[in-house]
Colleague: 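The structure under discussion is supplied below as structure tokens; questions concerning it will follow.
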Amino acid sequence: MNYFYKKTKIGYITIFEDNEKIIKLRLDKIEDNSNFILSPLIEKTFIELEEYFEGRRKKFDIPIKPEGTDFQKKVWQELTKIPYGTYTTYKDIANKIKNKNASRAVGSANNKNPILIIIPCHRVIGSNKKLKGYSEGINYQKMLLKIEKINIGE
């Protein structure tokens, strides 16, 4: 596994790669000098993220492999279908994965999303149109929604 961090428009981001797939993206800086390598895939991911932050990229073209339970992977797969510039609710995701009573479990899976931004968990809000429990903090969620020009009235 390789990783690399660098400062971006929204702060430090650390990207982890394993077997030519992105497995994790964190909104902070990890300092552990082992396997600190800017691979071609990690470099491409940073380029696509910068394009996204500038409003020039709507969709990512990065091979990913999130690690989690089958339920979490099902939720994360559904999140990748939420179009740029739109949002949905935990309840809507629960319905789409055919588990209408799983809104809280969807929220928990959302919170455990290992590949932030690329798997757009920031596009999921509460049914009452409130931002709830974004794993990196509501301020990051607001920033990402603002990049996409999503106005939910908060």
Colleague: For Phe60 and Tyr52, I'd like to know if the aromatic rings sit close, meaning centre-to-centre distance below 6.0 Å.
Modeller: yes
Colleague: Going by heavy atoms in the side chains, are Phe71 and Asn99 under 4.5 Å from each other?
Modeller: yes
Colleague: Hey, is CD on Glu51 packed in by over 12 heavy atoms from elsewhere, all under 6.0 Å?
Modeller: yes
Colleague: Under the side chain to side chain contact (heavy atoms under 4.5 Å, CB included) criterion, do Thr80 and Ile82 qualify, and how do the steps go?
Modeller: CA-CA 6 Å; Thr80 64; Ile82 306 168; over 6 Å; no
Colleague: Cys121 and Asn110: which non-hydrogen atoms are nearest, and at how many Å?
Modeller: CB-OD1, 3.1 Å
Colleague: Would you find more than 12 non-hydrogen atoms of other residues, nucleotides or ligands less than 6.0 Å from Lys59 atom NZ?
Modeller: no
Colleague: If you count heavy atoms of other groups shown closer than 6.0 angstrom to CG of Asn128, is the number above 12?
Modeller: yes
Colleague: Starting at CZ of Phe53, measure out to CG of Leu144 and round the result to the nearest 0.5 Å.
Modeller: 6.5 Å
Colleague: If we only count heavy atoms from C-beta on, is the Ile150 to Thr86 side-chain gap below 4.5 Å?
Modeller: no
Colleague: Is there a side-chain contact between Trp76 and Lys112 (heavy atoms, below 4.5 Å)?
Modeller: yes
Colleague: Please say whether more than 12 non-hydrogen atoms of neighbouring residues, nucleotides or ligands are located less than 6.0 Å from NZ in Lys44.
Modeller: yes
Colleague: Do the numbers put Lys6 on top of the ring of Phe46, so that NZ or CZ is under 6.0 Å from the six-membered ring centre and no more than 45° off the axis?
Modeller: yes
Colleague: Do Lys65 and Asp18 have side chains that get closer than 4.5 Å, going by heavy atoms?
Modeller: no
Colleague: Identify the two heavy atoms, one from Thr89 and one from Gly126, that lie closest to each other, and give their separation to 0.1 Å.
Modeller: CG2-O, 3.8 Å
Colleague: Considering all heavy atoms of both residues, which atom of Ala94 and which atom of Ala102 are nearest to each other, and what is their separation?
Modeller: CB-C, 3.9 Å
Colleague: Rounded to the nearest 0.5 Å, what separation is found between the CE atom of Met1 and the CD1 atom of Ile23?
Modeller: 5.0 Å
Colleague: Taking atom CZ of Arg104 as the centre, does the number of heavy atoms from other residues, nucleotides or ligands within less than 6.0 Å exceed 12?
Modeller: no
Colleague: So which heavy atom on Pro63 is nearest to which on Glu20, and how close?
Modeller: CG-O, 3.5 Å
Colleague: Roughly how far apart are Ile62 CD1 and Leu49 CG, rounded to 0.5 Å?
Modeller: 7.5 Å
Colleague: Show, in sequence, the C-alpha distance, side-chain angles and deciding distance for Arg26 and Phe16, and conclude whether the side chain to side chain contact (heavy atoms under 4.5 Å, CB included) test is met.
Modeller: CA-CA 9 Å; Arg26 292 182 46 155; Phe16 298 82; 4.0 Å; yes
Colleague: Nearest 0.5 Å, what's the NZ-CD1 distance between Lys24 and Ile64?
Modeller: 14.5 Å
Colleague: Is there a continuous path of hydrophobic side-chain contacts, each under 4.5 Å between heavy atoms, that joins Ile47 to Phe4?
Modeller: no
Colleague: Is there a donor-acceptor contact under 3.5 Å from the side chain of Lys130 to the main chain of Ser127?
Modeller: no
Colleague: Rounded at 0.5 Å granularity, tell me how far CD1 in Ile119 sits from CG in Leu25.
Modeller: 10.0 Å
Colleague: Supply the atom-to-atom distance Thr45 OG1 to Leu41 CG, rounded to the nearest 0.5 angstrom.
Modeller: 4.5 Å
Colleague: Find out if a path of hydrophobic residues (ILVMFWY) with successive side-chain heavy-atom gaps under 4.5 Å connects Ile22 to Ile37.
Modeller: no
Colleague: Heavy atoms only: give me the nearest Arg123-Glu148 pair and the separation to one decimal.
Modeller: NE-OE1, 2.8 Å
Colleague: Under 4.5 Å between side-chain heavy atoms, counting indirect links through other Ile/Leu/Val/Met/Phe/Trp/Tyr residues: same cluster for Phe36 and Leu27 or not?
Modeller: yes
Colleague: Determine whether a donor-acceptor pair (N or O, by modelled atom type, separation under 3.5 Å) exists between the side chain of Gln141 and the backbone of His122.
Modeller: yes
Colleague: Looking only at the side chains, is there a donor atom on one of Tyr87 and Lys129 sitting less than 3.5 Å from an acceptor on the other?
Modeller: yes
Colleague: Glu67: which residues meet the side chain to side chain donor-acceptor pair (under 3.5 Å) condition with it, sequence neighbours left out?
Modeller: none
